[in-house]
S.K.: 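Here it is, the structure in full.
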Amino acid sequence: MCGIVAVIGSREAAPLLLEGLRQLEYRGYDSAGLATVKSLEGEDVGTLTCKRAKGKLKNLSSLVSNQAAPGHLGIGHTRWATHGKPEECNAHPHRDSSGRIAVVQNGIIENHRALRKELEAAGVIFTSETDTEVIPHLIARELKPFLIRGASASGAVLLEAVQKVSKQLKGAFALAVVWADTPDALVVASRQAPLVIGLGEGEFLCASDTPALVGFTRTILPMEDGEVALLTPLGIELYNAKGTRQQRIPSLLRGGDHLVDKRNFRHFMLKEIHEQPETAELWVERHLPAGLPVESPVALPFDESFYSGIERIQILACGTSRHSAMVGAYLLEQFAGVPTSVFYASEFRYAAPPLAPNTLTIGVTQSGETADTLAALRMEAQRRDEHGDPAFASRQLGVTNRPESSLSRLVPNILDIGAGIEVGVAATKTFLAQMLAFYGLALTFAARRKSRSSDEIRELTEGLRSVPNQLRTLVQTHDELSESLAHRFADTQDVIFLGRGINYPIALEGALKLKEISYIHAEGYPAGEMKHGPIALLDPRVPVISIAMPGVVFEKVLSNAQEAKARDAQLIGVAPEAPGTEIFDALMPLPEVSEWISPLLSVVPMQLLSYHIAAHRGLDVDQPRNLAKSVTVE
Ligand code: F6R
């Protein structure tokens, strides 16, 4: 979490930093800050100005527009609080006691308590509760001998100090450092946290994510694990963790990485829900081109060796990505016949099951940066490498919307879900795209293992081809319908979501969407589980949203809904207008599609209803409290 941006160049840094931070605000919005160093000739050369504001970036922007922050060198930060409340004193940048060194950091310094104690014992007075504040003080301690010797300050001196300090820090972090004594040097470091250098015209930038760079340059150099770089107006010096100079050719950002824009929608989330037909259409174009043989029904970027000998699959993910993984596991097991398990990445790390041979591990992460998912994948690869038996060797696939993210540097195979940048913190179109990725995998495994007949494979493939148009109609009609239903939830405090089989993960996803953006308590249950306890929660004040799609569990779900109705719950059905569905007090109608396809459609009313309930309550839909889009802390 947290976004950092830094620039050194020939124009004023503050406006660039603010624009970069605006693009990174999805990473956290508890507070924001920037520090600039005046670097041109003049009286106040080498002046460090620091501005910080609690709350969203707009507070910092108005502060900076009233009180100048001059300089062509600067660092900025947008924070998602980990250590210390979202107060101004905890906002970044943090400075050393002289106020001449400033640091922004994204990540967690795990040994900050011990370091703080050590520094306090040496007389340092801390002004924040953050883990980050130890860094400027440690850098100051490293610089002291240089200054005592009377050596002149230079970028090389700052670089060496940051390299030394990095070695003292435990944890995963990305940081950017400026020193008022070196107005022509910016030092950045990255350890298991993303940082991308941008090579602009007459300027160099660095940011946690590419959207902060695209307004300025498309030439980028993603930093690798453990690297430290010195950026000066003349160029970049890049060093690995051992201090060896690195030479790498920069790459060009893909066309899809664009500046974030709401178009005419009130919120990014609504825009992204409306983009789903296009997301599905693109997926069909890319992966289901006409003329593919039934033995290989999906165009995927893997060769024979990727599939050979896979006997089971385990999927690691968090949050919404885990829900898509659950739909995926259902398809891989029930359609393709491959035993598949899904784990919370955060649990898997500390309680992984005993190793099984010939296992494909799939990490699903929209951002490609989720610390728990990355750490779980790293841990799994390591224990398999240590095993030694080739049957247990690590085989990993990453499913992500950000193929340039840290995930791609960790796993050998990437499946790019290609949904385009998603800004709303609540995942919508990327959830759909993740599910589609699993349809592609399940069809491929089913065809290769011959676990389904050619007709069944063709039927599912044809079903998928119809999804973009079905979504198009659905998004339009349900937008209006959800808006009109939303007022019913004005005083609602609890909502129950029910689903079964392939739609159980959609019930979980519906509950998660509602919780995170409307702050209404919501739970998703497998419908058959209600009678084992949760039914005690029901009364007329608790709406029950039940997904009932024709298929193996249709009648069962209707009976479960009936049980809720008998307890006077308000029943909302997400179901086709089919016999039996008249029991619902309100119906969010879906077309009658095969049960296999249904999650791709049933999720839309969930997303739109949550959106309209939150918007109706006047909440900040795109940036809900306490959340961030990219969870880079454990
Ligand atoms: C919910 C949501 C989160 C993320 C979770 C994992 O709308 O967005 O639950 O799904 O934080 O993030 P990624 O997919 O980036 O690993």
Side-chain angles (χ1 to χ4, degrees), residues 1-3 24 26-28 80 82 106 193-194 208-209 211 267-270 272-273 276 315-328 342-349 362-378 397-408 410-411 414-435 437-438 497 505-506 508-519 522 524 603 606-611 614 619-634:
M1 344 275 272
C2 303
L24 294 181
Y26 71 88
R27 299 175 74 89
W80 184 80
T82 55
N106 164 36
S208 305
D209 200 356
H267 293 101
F268 279 108
M269 181 181 175
L270 188 59
E272 287 153 3
I273 293 172
Q276 291 180 116
I315 316 179
L316 316 178
C318 302
T320 287
S321 293
R322 195 181 72 92
H323 299 154
S324 77
M326 290 171 73
V327 173
V342 179
F343 296 90
Y344 286 104
S346 54
E347 290 294 311
F348 184 90
R349 296 182 58 190
I362 305 180
V364 190
T365 160
Q366 178 283 128
S367 61
E369 302 293 351
T370 297
D372 282 318
T373 308
L374 299 186
L377 287 165
R378 205 176 286 119
L397 165 68
V399 176
T400 183
N401 196 34
R402 307 304 302 274
E404 73 291 353
S405 63
S406 303
L407 178 75
S408 62
L410 193 68
V411 301
I414 288 286
L415 193 48
D416 176 4
I417 62 169
I421 285 190
E422 184 176 68
V423 174
V425 162
T428 52
K429 64 173 178 173
T430 57
F431 176 66
L432 181 90
Q434 287 170 340
M435 287 196 286
F438 279 112
F497 288 80
I506 303 301
L508 294 180
E509 178 60 7
L512 179 59
K513 286 290 89 98
L514 189 65
K515 273 187 265 211
E516 63 184 342
I517 60 169
S518 71
Y519 317 142
V603 71
M606 305 287 154
Q607 297 167 337
L608 282 165
L609 192 58
S610 301
Y611 168 78
L619 296 170
D620 190 343
V621 175
D622 287 330
Q623 296 184 336
R625 68 185 181 204
N626 307 338
L627 297 179
K629 185 85 186 151
S630 176
V631 187
T632 56
V633 294
E634 294 165 23

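None of these values were measured; they are calculated from a predicted model. Nothing fancy with the numbering, it's 1 onward along the sequence. Note that ligands are numbered from 1 as they come in the structure, with each ligand's atoms numbered from 1 the same way.
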S.K.: Could you measure the distance from the CD1 atom of Ile421 to the OG atom of Ser367? Nearest 0.5 Å is fine.
M.R.: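 That separation rounds to 12.0 Å.
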S.K.: Of the choices Ser367, Ala427, Ser321, which has the non-hydrogen atom that lies closest to atom 14 (O) of ligand 1?
M.R.: Ser321
S.K.: Testing the basics here: between Pro403 and Asp416, what is the closest heavy-atom pair and its distance to 0.1 Å?
M.R.: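 For Pro403 versus Asp416, the nearest heavy atoms are CG-OD2, 3.4 Å.
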S.K.: Keeping the roles fixed (side chain from Glu272, backbone from Val423), state whether a donor-acceptor pair exists under 3.5 Å.
M.R.: yes
S.K.: When you measure from the heavy atoms of Asn401 to every atom of ligand 1, does any distance fall below 4.0 Å?
M.R.: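 No.
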S.K.: Give me the residue, atom name and distance of the protein heavy atom closest to atom 3 (C) of ligand 1.
M.R.: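 Sorting protein heavy atoms by distance from atom 3 (C) of ligand 1 puts Thr320 N, 4.0 Å first.
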S.K.: Give me the residue, atom name and distance of the protein heavy atom closest to atom 7 (O) of ligand 1.
M.R.: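 Closest protein heavy atom to atom 7 (O) of ligand 1: Glu516 OE2, 2.5 Å.
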S.K.: Indicate whether any N or O donor in one side chain lies under 3.5 Å from an N or O acceptor in the other, for Gln366 and Ser321.
M.R.: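 Ser321 and Gln366 do not have a side-chain donor-acceptor pair below 3.5 Å.
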S.K.: Among all protein heavy atoms, pick out the one at the shortest distance from atom 5 (C) of ligand 1; state its residue, atom name and that distance to 0.1 Å.
M.R.: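 Among all protein heavy atoms, the one nearest atom 5 (C) of ligand 1 is Cys318 O, 3.8 Å.
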S.K.: Judged by modelled atom types alone, do Thr430 and Glu422 share a side-chain donor-acceptor pair under 3.5 Å?
M.R.: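 Yes, because at least one side-chain N or O of Thr430 sits under 3.5 Å from a partner of the opposite role on Glu422.
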S.K.: Give me the nearest non-hydrogen protein atom to atom 11 (O) of ligand 1 as residue plus atom name, then the distance to 0.1 Å.
M.R.: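 So the nearest neighbour among protein heavy atoms is Val631 CG2, 3.7 Å.
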S.K.: Measure the spacing between CG of Leu608 and CD of Gln276 and express it to the nearest 0.5 Å.
M.R.: 8.0 Å
S.K.: For Gly319, counting its heavy atoms only, list the atoms of ligand 1 lying under 4.0 Å from any of them.
M.R.: 9 (O), 10 (O)
S.K.: So is Thr370 polar-close to ligand 1, meaning N/O to N/O under 3.5 Å?
M.R.: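 Min N/O separation from ligand 1 is below 3.5 Å for Thr370.
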S.K.: Below a 4.0 angstrom heavy-atom separation, can you tell me which part of Lys513, side chain or backbone, both or neither, approaches ligand 1?
M.R.: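 Answer for Lys513: side chain.
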S.K.: Around atom 8 (O) of ligand 1, find the nearest protein heavy atom and jot down its residue, atom name and distance.
M.R.: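 Result: Val425 O, 3.4 Å.
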S.K.: Enter the distance from Leu508:CG to Met326:CE here, rounded to the nearest 0.5 Å.
M.R.: 5.0 Å
S.K.: Just jot down the ligand 1 atoms closer than 4.0 angstrom to any heavy atom of Ala426, in number order.
M.R.: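 Here the atoms of ligand 1 in question are 7 (O).
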S.K.: Search all heavy atoms of Trp80 against all heavy atoms of Cys2 and return the closest pair with its distance.
M.R.: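 Nearest pair, atom of Trp80 first, then Cys2: N-SG, 3.4 Å.
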